[in-house]
Amino acid sequence: MSSRQRKKFFSEEIIIKILNGLPLKSLARCSSVSKNWRKYVAEIYRSRLQWPKPYLFGFFCVEKRLQSRFFFSSKESPLLIGNSLDESIDFISERVYIVASSNGFLLCNKLRSRQRVYYVYNPVTRQRFDLSRTEMPLKDPYVGFIVKETDESVSFTIVRYEVTSPVSRMKFRFQYSLTIESYSSETKEWTANSLIEDVPFPLYPSRDEISSSSAGVFDRVFFWLDNYGQWMTVYDSVNEDFRALELPERRTVIYPGYCCLGLSGGKICLASTGWTTITCWQLNNFPSRDAVWARKYTVNVASVVEKCEQDFGLGGGSSLARELRNMIFHPALSHMLYLQIRSMVISYDLETNTAEFVYDFGEAWRKTIHYKLFSYEWPQWPRLQ
């Protein structure tokens, strides 16, 4: 029997069965043997850890539009991706800015293009797709991004809109002229649509450090956290319908990290901070106009964080609302929040009231005020080529 024949004799099932008998530390060493072995190790980890879909691997962080960095959400994540992930997204000569993340892809904007030149980028394959220049010169739009992946193809949709001054103002009613622009990877074209909408409360322009992170897409219905945190705006890309929905806890002003809106476990979730507490809500029956907010958790996060072994930068009597810079929901587990408290990131389980250290930026906390986090995940287990 030749060496080539002996190599073929060991099927994938046999190799996986042998590797599955090894402890996790030994598996980590085996993942560096080859790309195929890294795929086998990833499959074993998926089976053992039983991670829920979509699988969260880590976060990209944007720092004042100057640079970006990546960090893993758990110690197992690097073993599953290996060295194939481009953590710097330094893939073109000009500096880019991460606008959104969806299903393993990043939506990036060329900084000097005045929000008119976008790229879709896959950090694992290092492939990028250049979009045509936008039709409308929107100053600082709200942006939504969704990627759908099948076994044969990948498609994506981008929606962005801009709020201008109200056209008219009546008692308890506001009328706005909205410019909504959409891009489809199927047509490879931008299309613009102008709408006149009546809403029961004022809308506010986008503010970069808030609006880009607190956004999501549910069944092709895009949603964003309004600048002042009193409502969420909704755009149905199929029916071209725009509306606004009041939040359960209205705020007069929103600071970075003060409020978070996202999609978790197939539900739209909202988290807001008090002096020492975090309250989480879930939106039921969405996208129906009869959607209702239901309170899920109210926990005293500050008291738990102060008792952790690591120093998270919260001293006695500190205000969580002042120290918190970012909040992001786990894409699959609505009871899991990731919090950036000053210069550190922790995971917080709302059900068990436990905190765990995730990452330290190693910067003075004043430099991290405008940091913005984007969760990075796959809708299915990655097939490593």
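FYI, the numbering just counts along the sequence from 1. Side chains included, hydrogens not; waters and symmetry mates left out as well; all remaining heavy atoms used.
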E162 meets the salt bridge (charged side-chain N to carboxylate O under 4.0 Å, His left out) criterion, sequence neighbours left out, with none
Backbone of F156 reached by a side-chain donor or acceptor of S185 within 3.5 Å
yes
Closest non-hydrogen contact found for S194 with T179 is OG-OG1, 4.4 Å
Distance col, row R295:CZ vs C280:SG, nearest 0.5 angstrom, shows 10.5 Å
Exactly one candidate in Y118, F145, Y119, W190 meets ring pair (Phe, Tyr, Trp, His ring centres under 6.0 Å) with Y183; the answer is W190
>> Using the rule given for side-chain contact (heavy atoms from CB on, under 4.5 Å), can you reason through I180 versus F222, listing the C-alpha separation, both sets of side-chain angles and the distance that settles it, and then say yes or no?
In response: CA-CA 12 Å; I180 301 177; F222 293 74; over 6 Å; no
Closest non-hydrogen atoms of C259 and L270, given as atom of the first, atom of the second and distance, are SG-CD1, 3.4 Å
Notebook entry, point to check: Any side-chain heavy atom of E240 sitting closer than 4.5 Å to one from Y235?
Noted result: yes
Rounding to 0.5 Å, atoms OG1 (T233) and CZ (R243) come to a distance of 10.5 Å
Before giving the answer on side-chain contact (heavy atoms from CB on, under 4.5 Å), spell out for L247 and S272 the whole-Å C-alpha distance, their side-chain angles and the decisive distance to 0.1 Å. CA-CA 11 Å; L247 299 181; S272 61; over 6 Å; no
Minimal heavy-atom distance between M232 and F223, with the atoms involved, is CE-CB, 3.4 Å
### Query
Under a 4.5 Å cut-off applied to non-hydrogen side-chain atoms, are I278 and L339 in contact?
yes
Worksheet item: Any side-chain heavy atom of F218 sitting closer than 4.5 Å to one from V234?
Response: no
Q) Just by modelled atom types, is the M136 backbone N or O under 3.5 Å from a matching donor or acceptor in the E181 side chain? A) yes
Fill in: Any donor-acceptor pair under 3.5 Å from Q340 side chain to R342 backbone
yes
Legend entry - side-chain contact (heavy atoms from CB on, under 4.5 Å) between V217 and L263, worked out: CA-CA 7 Å; V217 187; L263 190 67; over 6 Å; no
Strictly under 6.0 Å, is that where the ring centroids of F105 and F129 end up?
no
Here the pair of heavy atoms bringing F329 nearest to S264 is CB-CB, 3.9 Å
Applied to residues 259-283, the salt bridge (charged side-chain N to carboxylate O under 4.0 Å, His left out) test, sequence neighbours excluded, yields none
Practice problem: Show your reasoning for whether side-chain contact (heavy atoms from CB on, under 4.5 Å) applies to L245 and L283. | Solution: CA-CA 11 Å; L245 178 66; L283 186 59; 3.7 Å; yes
**Message:** Is the distance between the ring centroids of Y371 and F361 under 6.0 Å?
**Reply:** yes
Nearest heavy-atom approach of E246 to W293 is O-NE1, 3.1 Å
Rounding to 0.5 Å, atoms CG (L131) and CZ (R128) come to a distance of 11.0 Å
d(F60 CZ, L106 CG) to nearest 0.5 Å is 5.0 Å
Worksheet item: With distance as the sole test, does D349 use its side chain to make a donor-acceptor pair with the main-chain N or O of T352 at under 3.5 Å?
Response: yes
request  = Would you confirm whether N103, through its side chain, and V147, through its main-chain N or O, come within 3.5 Å as a donor-acceptor pair?
outcome  = yes
NZ (K148) and OG (S155) are apart, to the nearest 0.5 Å, by 7.0 Å
Across all chains, not counting sequence neighbours, the side chain to side chain donor-acceptor pair (under 3.5 Å) partners of T134 are R116, R160
- Is there side-chain contact between S182 and N193, with heavy atoms separated by less than 4.5 Å? no
- prompt: Does a side-chain heavy-atom distance below 4.5 Å link L107 with F374?
  reply: no
Rounded to the nearest 0.5 Å, the CG atom of L261 sits from the CD1 atom of I328 at a distance of 12.0 Å
Pair F242 and Y161, ring centroids less than 6.0 Å apart = yes
In one Ile/Leu/Val/Met/Phe/Trp/Tyr side-chain cluster, 4.5 Å: V292, W231: no
Review point. Distance only, no hydrogens: is a donor on one side chain within 3.5 Å (strictly under) of an acceptor on the other, for Y176 and D198?
Key: no
Is there side-chain contact between N326 and C61, with heavy atoms separated by less than 4.5 Å?
no
In short, M327 meets A271 closest at the heavy-atom pair CE-O, 3.5 Å
With F59 as partner, the option from Y376, F70, Y338 fulfilling ring pair (Phe, Tyr, Trp, His ring centres under 6.0 Å) is Y338
Between E351 and Y297, is there a side-chain donor-acceptor contact under 3.5 Å, judged purely by atom types and distance?
yes
Original post:
Are side-chain heavy atoms of R289 and D241 found at a separation under 4.5 Å?
Top reply: yes
Heavy-atom side-chain proximity of P287 to D236 below 4.5 angstrom = no
